[in-house]
2 protein chains.
Amino acid sequence: MDTIEVFKALSNEARLQILEWLKDPTAYFRPQEGVDLVEIGVCVSQITEKLNMTQSTASQYLSILQRAGLVSATRLGKWTYYKRDEEAIKKITSNIQQNL
Amino acid sequence: MDTIEVFKALSNEARLQILEWLKDPTAYFRPQEGVDLVEIGVCVSQITEKLNMTQSTASQYLSILQRAGLVSATRLGKWTYYKRDEEAIKKITSNIQQNL
DNA sequence: TCATTATATCGACGTTTTCCGATATGTCAA
DNA sequence: TTGACATATCGGAAAACGTCGATATAATGA
């Protein structure tokens with residue numbers, strides 16, 4: 001768990017926004033054909049749409065969040081679904097709490 | 001309390017190092033003529049020395065930490081003493097814990 | 001007042017980050 | 001297989017960051 005990578009990932013308004021939205025996917029995203037937004041996650045297109053940035057940027061930002069261990073990805077057919085990794089986030093915040 | 005500024009301040013190895021040292025000043029810094037390292041803080045020269053960077057950089061990094069609310073500064077004579085603002089840090093970490 | 005010392009600020013330059021458009025890859029359906 | 005769609009990756013321009021040396025400011029003491 002590289003703390004600096006986590007802080008870097010969190011040093012960006014758009015990425016914090018994504019994490020925020022993913023806290024309550026059904027509140028922020030349209031329901032998806034036979035996919036449980038909460039269990040599986042939200043696809044890149046929907047995040048791109050809300051972000052008001054290009055698909056390229058959204059994809060890269062999701063990658064950064066994933067590398068930092070804050071979200072996880074699941075590929076299903078054409079779609080990649082991203083969701084928060086609450087376990088990991090709990091470990092990270094408790095680590096920050098303890099060591100900062 | 002600007003969260004992003006905090007994360008940016010923490011996205012740097014040297015600045016994290018400074019925060020770490022300031023947790024236990026007497027362990028990492030020489031005693032200072034009639035100044036309580038713990039109560040008043042550590043002066044810029046001593047931090048510069050340990051950082052292995054220039055005085056300019058140390059001063060700027062301390063400024064960044066201060067603007068993020070992580071440390072506070074006290075000027076006494078020629079010296080500026082920096083110490084962790086534990087109150088603020090507690091608020092910040094608890095805020096991260098709660099909102100991340 | 002002047003020299004000295006501690007700190008802050010300025011200007012610069014290389015590196016990293018931000019964000020984009022273009023294109024490649026993967027997947028499905030016809 | 002081909003076309004269409006979702007996502008990832010590449011290459012780049014502009015902004016921000018990391019870090020320095022030089023210089024300005026503040027405080028002290030001779």
Side-chain angles (χ1 to χ4, degrees), chain A residues 2 4-19 22 25 29-35 37 40-68 70-83, chain B residues 2-19 22 29-35 37 40-68 70-83:
Chain A
D2 185 345
I4 286 243
E5 284 317 304
V6 173
F7 286 136
K8 283 188 184 170
L10 296 172
S11 295
N12 175 282
E13 201 70 67
R15 290 192 295 262
L16 284 181
Q17 181 69 83
I18 293 173
L19 282 181
L22 291 183
F29 299 98
R30 231 166 322 102
Q32 194 84 9
E33 282 296 317
V35 176
L37 285 187
I40 307 296
V42 182
C43 70
V44 180
S45 343
Q46 287 220 52
I47 292 167
T48 298
E49 203 176 309
K50 283 197 78 66
L51 250 197
N52 212 26
M53 291 182 180
T54 63
Q55 183 271 324
S56 166
T57 300
S59 176
Q60 285 177 89
Y61 281 8
L62 286 163
S63 238
I64 289 170
L65 290 172
Q66 186 184 20
R67 274 198 299 280
L70 296 158
V71 305
S72 63
T74 310
R75 177 121 209 184
L76 282 186
K78 303 196 267 193
W79 294 271
T80 307
Y81 298 95
Y82 284 90
K83 61 183 286 208
Chain B
D2 186 343
T3 312
I4 288 243
E5 284 318 305
V6 172
F7 286 134
K8 283 189 183 170
L10 296 171
S11 295
N12 176 282
E13 202 70 68
R15 289 191 296 262
L16 284 181
Q17 181 68 86
I18 293 172
L19 281 180
L22 291 183
F29 300 98
R30 229 165 327 99
Q32 195 82 10
E33 282 295 319
V35 176
L37 283 188
I40 306 296
V42 182
C43 69
V44 180
S45 343
Q46 287 220 53
I47 292 168
T48 298
E49 204 176 307
K50 283 198 81 65
L51 249 196
N52 213 24
M53 291 182 181
T54 63
Q55 182 272 321
S56 166
T57 300
S59 176
Q60 285 177 88
Y61 281 7
L62 286 164
S63 239
I64 288 170
L65 290 172
Q66 186 185 20
R67 274 197 299 280
L70 296 158
V71 306
S72 63
T74 310
R75 177 121 210 183
L76 282 185
K78 303 196 267 193
W79 294 271
T80 308
Y81 298 94
Y82 285 90
K83 62 183 287 207

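Note: hydrogens, waters and symmetry copies are ignored here, and every other heavy atom, side chains too, is used. The chains referred to below are lettered A, B, ... by the order of the sequence lines, with proteins before strands, and numbering in each begins at 1.
- Using a 4.0 Å heavy-atom criterion, one finds that B:Thr80 contacts the sugar-phosphate atoms exclusively.
- On a pure distance criterion of 3.5 Å, a polar donor-acceptor pair joins the side chain of A:Ser56 and the base of C:dG21.
- Proximity of B:Leu10 to B:Leu16: side-chain heavy atoms (C-beta onward) are separated by under 4.5 Å at one or more points.
- Atom CD in B:Glu49 sits roughly 13 Å away from atom C1' in C:dA6 (whole-Å rounding).
- Distance B:Arg67 CZ to D:dA16 C1': 13 Å, rounded to the nearest Å.
- Rounded to whole Å, atom P of C:dT17 lies 12 Å from atom CD of A:Gln60.
- At whole-Å resolution of the value, CG in A:Leu51 and C1' in C:dC19 are 11 Å apart.
- One interatomic measurement links the two molecules: CD of B:Gln32 to C1' of C:dT5, which rounds to 13 Å at whole-angstrom precision.
- Summarising the geometry, the separation between CZ on B:Phe7 and P on D:dC17 is reported as 16 Å, rounded to the nearest angstrom.
- To the nearest angstrom, C1' of D:dG18 lies 13 Å from CD1 of A:Ile4.
- Between the side chains of A:Ser56 and A:Gln60, at least one donor N or O lies within less than 3.5 Å of an accepting N or O.
- Note: CD1 (B:Ile18) to P (D:dT19) measures 11 Å, nearest angstrom.
- In terms of polar N and O atoms assigned as donor or acceptor, the side chain of B:Ser45 never comes within less than 3.5 Å of the base of C:dT5 in a complementary pairing.
- Under 3.5 Å, the side chain of B:Gln55 and the base of C:dA6 form no donor-acceptor pair of N or O atoms.
- Distance alone, capped at 3.5 Å, places no donor-acceptor pair between the A:Arg15 side chain and the A:Gln17 backbone.
- Within the nucleic acid shown, A:Tyr81 has no heavy atom closer than 4.0 Å to any nucleic acid atom.
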